[in-house]
Asks: 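I have a structure I would like to understand better, so I am pasting it below and will then ask my questions one at a time.
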Amino acid sequence: MSLSNREIADIFETVSDMLQLKGENVHRVLAYRNASESIRAWPRDLRTMQREGASFNDIPNIGDTLSEKIIEMLDTGKLQFYDKLAAEVPKGMIDMMHINGVGPKKAQRFYKELGIHNVQELEQAAREGKLRDVSGMGAKTEANILAAIEALSRQTTRTPLGVAYPIAQSILERLLAMPNVLQGVAAGSIRRGRPTIGDVDLLVAVTSMDEAPPIMEAFVKMDEVERILGNGPTKSSVELHSGLQIDLRILAQERWGTALAYFTGSQAHNIRMRGLALDKGLSLNEHEFSDPQGEKEPILCATEEDVYAAVGLPYIAPELREDRGEIEAAQQGKLPKLITLEDIHADLHMHTTWSDGGLTVREMAEAALERGRKFIVITDHSRSLGMVGGLTIEQLWEQQAEIRQVDADMNGKIRVFHGTEMEIKGDGTLDYPDDVLEKLDFVIASLHVSLRQPREQITERLINAVNNPHVDLIGHPRGQYIPDREPADLDMDAVFAAAKDSGIALEINANPRRLDLEADYARLAVELGCLLAINTDAHAADNMDLMHYGVSTARRGWVEAKSVLNTWPLEKFLDWVQKRGR
DNA sequence: GCCGTTTTCGGCCCGACTGTTTTCAGTCG
């Protein structure tokens, strides 16, 4: 029984926790943690790599030792090292370490002094007032742990970007309206466009730190605050009623660049940046570059460009800051010319009242025109998807007549084309025959049903659609839904190879609950020579405003505009479609 | 345990805040 990338990443993460609990060398602990994160982000299937004889040392943070451990897991489905540790460390103690404010040291003390093995026993002891007697603890620690255990049960997963982003913007707008606030931004993983958010990092600049206290006070007293987790002069954290944690940092305008860079992260990117600074004899933190010997004057940076310039690099876009080769690319002058929201002037995937959308064809066209789109494709669901009113072939032609009329009425201000989002059915066949597909302007094929089929079966199903010459785009290829539904178990290497051969495009679905393809897959797809499209899958007018999420995802995947169908001029797009099966 | 214009050993980012301490350890990001 071979393990998936995710399962192997989970094992390394738990090994890291167990080593930490045992008080192992912090760098060894970190090595397992970094390896876990690298594998989690790695887009290629380790089983496939092993079959091809590829080296796992190409994966960042995987050396000879961990490479051997991966092979052991792939061959046997187990890791002896893990089993040995698991026999020594009670599993409940790992869970205890995941409580906010409890680390390895406190978990050990609870275990040694009170014999507590797990979160339930810890909660019980806290309620009975026993924790305050543990050495180094007091009544406050006890209360905080109790509150943190309750918070843990409220929020177990990371928050989807599409949920966190509007909340962050709403709070930020209120802060920006306050006196003396010069500028503000949601930094952290929101700014990097990660699909899910741990907590929200807000940053605001003031002229002088004397102006900070009233801003901090207003922040921790907002209506939506459930409780205050920390409240200092420059940094405060609150938990909202929703369970989402928001951190606010206030800093002087003249240090905006270093602070913004620091709080945008990622942590891995920051560590590399600090290393580059040290190479130049400078220590970098959120405030400044300083001389460790204290001989030279500190360097303040008001912009991020200044920060990168100080270590001899060009500006690196936030979406690239994951230590996935962006530092090296910057050093070699090989950073990608990333796609921007302004590059997008079409939307190739949207629904109307013909199936499960909320607006008519004409209303969608007008809404798209208002948003500056130059052309759109109406792609309602196909006949087998009865739950959402999929169109029969007869309805498809009625719809085509309406779309032609709307297109004519728009008088060239925006072009409206007729497509479909056709179901790839559970048995692997497509929902419309070829003689129907060739009469449409554009064809998307998508998976919505039987997403839990075994790997071989569902991969073959998708590749069958990729190879149909009438299909132009695969919609949300992996079928994930954030945060609840895992992607289908697809052999993406095989899908990308087939997509390259057939010349078909793959979607980055911009809906923040999908973001599918995700960044690492989009990056691999382009590297392998595939084309992409970024679409909103809009079911209503305001859904069209979600495009920026898709663009961030593409940017995280190092995608340039030239690889994306809906950045092309209309003529080029039509030419491309015509050279495919119609 | 990883990694290499410090390359097979010896480093490995750095500060804010909290709570319990009387000067700092633990945790977090």
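Letters go in sequence order (proteins before strands), and every chain restarts at 1.
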Asks: Could you tell me how far apart A/R272 (CZ) and B/dC12 (C1') are, to the nearest whole angstrom?
Replies: 13 Å
Asks: Return the nearest nucleotide to the side chain of A/R28; candidates are B/dT6, B/dG1, B/dC14.
Replies: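 Selected nucleotide (nearest to the side chain): B/dG1.
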Asks: Counting distance only, does the side-chain N/O of A/S266 pair as donor-acceptor with the main-chain N or O of A/R321 below 3.5 Å?
Replies: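 Yes.
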Asks: P atom, B/dA16 versus B/dG11: distance in rounded Å?
Replies: 26 Å
Asks: Classify A/A268 by what it touches in the nucleic acid, base, sugar-phosphate, or nothing, heavy-atom distance under 4.0 Å.
Replies: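 Result for A/A268 = nothing.
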Asks: Distance check, P atoms only: B/dT8 and B/dC3, in whole angstrom units.
Replies: 16 Å
Asks: Judged by atom type as modelled, is there a donor-acceptor pair below 3.5 Å linking the side chain of A/D323 to the main-chain atoms of A/E326?
Replies: no
Asks: Roughly how many Å apart are B/dC28 and B/dT22, using the C1' atom of each and rounding to a whole number?
Replies: 24 Å
Asks: Would you say A/T234 reaches B/dC17's phosphate, i.e. side-chain N/O to OP1/OP2 under 4.0 Å?
Replies: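 True: A/T234 side-chain N/O within range (under 4.0 Å) of B/dC17 OP1/OP2.
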Asks: With heavy atoms under 4.0 Å as the rule, sort A/L30 into base, sugar-phosphate or nothing.
Replies: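 A/L30: no heavy atom of the nucleic acid under 4.0 Å.
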Asks: Hey, does the side chain of A/N285 come within less than 4.0 Å of B/dG15's phosphate (OP1/OP2), counting only N and O?
Replies: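 Answer is yes, contact under 4.0 Å.
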Asks: Just wondering, do A/H117 and A/Y111 contact through their side chains at under 4.5 Å, heavy atoms?
Replies: yes
Asks: OP1 or OP2 of B/dG19 sitting under 4.0 Å from any side-chain N/O of A/R132?
Replies: no
Asks: Look only at the side chain of A/N5 and the backbone of A/R44, and say whether a donor-acceptor pair between them is shorter than 3.5 Å.
Replies: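 Yes; judged by distance alone, with no hydrogens or angles, the pair exists.
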Asks: Just how far, in rounded Å, is P of B/dC28 from CD1 of A/I246?
Replies: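 Nearest whole value for this atom pair: 19 Å.
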Asks: Using OP1 and OP2 only, check whether a side-chain N or O of A/N34 sits under 4.0 Å from B/dG1.
Replies: no
Asks: Which whole-number value in Å describes the distance from A/K69 NZ to B/dC2 C1'?
Replies: 13 Å
Asks: Name the closest nucleotide to the A/K235 side chain, picking from B/dC17, B/dG29, B/dG1.
Replies: B/dC17
Asks: Using the C1' atom on both, measure B/dT23 against B/dT18 and round to a whole Å.
Replies: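 Per the computed distance, 15 Å lies between those C1' atoms.
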Asks: Closest approach of A/L338 and A/A317, non-hydrogen atoms and distance?
Replies: CD1-CB, 3.7 Å
Asks: Quote, to the nearest angstrom, the P distance that separates B/dT6 from B/dC12.
Replies: 13 Å
Asks: Could you work out which one of B/dG1, B/dG15, B/dT6 sits closest to the side chain of A/A31?
Replies: B/dG1
Asks: Rounded to whole angstrom units, what separation is found between the CG atom of A/D64 and the P atom of B/dC2?
Replies: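 Taking CG of A/D64 and P of B/dC2, I get 7 Å after rounding.
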Asks: What nucleotide, of B/dG26, B/dC2, B/dG29, holds the atom closest to the side chain of A/R249?
Replies: B/dG29
Asks: Between A/L66 and A/S283, which is nearer to the 5' end of DNA chain B once each is assigned its nearest nucleotide?
Replies: A/L66
Asks: Between A/R127 and A/E123, does the salt bridge (charged side-chain N to carboxylate O under 4.0 Å, His left out) criterion hold? Intermediate values first, please.
Replies: CA-CA 6 Å; A/R127 286 195 194 289; A/E123 184 172 5; 2.7 Å; yes
Asks: Is there a Watson-Crick or G-U wobble partner for B/dC28 with both distances under 3.5 Å, and which nucleotide is it?
Replies: B/dG15
Asks: Contact class for A/S236 (heavy atom, under 4.0 Å): base, sugar-phosphate, or nothing?
Replies: nothing
Asks: Any idea which of B/dG1, B/dT6, B/dG29 is nearest the A/Y32 side chain?
Replies: B/dG1
Asks: Please state the C1' separation for the pair B/dG26 and B/dT21 - nearest whole angstrom.
Replies: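 One C1' to the other, the span is 12 Å.
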Asks: Parallel, tilted or perpendicular: which describes the rings of A/Y308 and A/H269, with under 30° parallel and over 60° perpendicular?
Replies: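 It falls in the tilted class, 30° to 60°.
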Asks: Within the structure shown, what part of the strands sits under 4.0 Å from A/M137 by heavy-atom distance: base, sugar-phosphate, or nothing?
Replies: sugar-phosphate
Asks: Do A/Y262 and A/H287 have side chains that get closer than 4.5 Å, going by heavy atoms?
Replies: no
Asks: Do you know which of A/R556, A/R324, A/R478 makes salt bridge (charged side-chain N to carboxylate O under 4.0 Å, His left out) with A/D520?
Replies: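 Running salt bridge (charged side-chain N to carboxylate O under 4.0 Å, His left out) over A/R556, A/R324, A/R478 with A/D520 returns exactly one hit, A/R324.
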Asks: I want to confirm an ordering. Mapping A/G138 and A/F81 to their closest nucleotides on DNA chain B, which one lands closer to the 5' end?
Replies: A/F81
Asks: Which whole-number value in Å describes the distance from A/L203 CG to B/dA16 P?
Replies: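 After rounding, the reported distance stands at 14 Å.
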Asks: Taking 4.0 Å as the cut-off, does a side-chain nitrogen or oxygen of A/H287 come that near to OP1 or OP2 on B/dA16?
Replies: yes
Asks: Any side-chain N or O of A/T141 under 4.0 Å from OP1/OP2 of B/dT18?
Replies: no
Asks: List in numerical order all residues of residues 89-107 of chain A for which some heavy atom is under 4.0 Å away from an atom belonging to DNA chain B.
Replies: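 DNA chain B contact set from residues 89-107 of chain A: A/I99, A/N100, A/G101, A/V102, A/G103, A/P104, A/K105, A/K106.
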Asks: Specify the separation, in whole Å, of atom CG of A/D247 and atom P of B/dG29.
Replies: 8 Å
Asks: Could you check how far CG of A/L131 sits from P of B/dG19, rounded to whole Å?
Replies: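 Between P of B/dG19 and CG of A/L131: 15 Å.
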Asks: Looking at A/W256 and A/V204, what are the two nearest heavy atoms and their distance?
Replies: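 Looking at all heavy atoms of both residues, the shortest contact is CZ3-C, 4.0 Å.
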Asks: Roughly, in whole Å, what's the span from CD in A/E142 to P in B/dT20?
Replies: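 So the two atoms are 10 Å apart, to the nearest Å.
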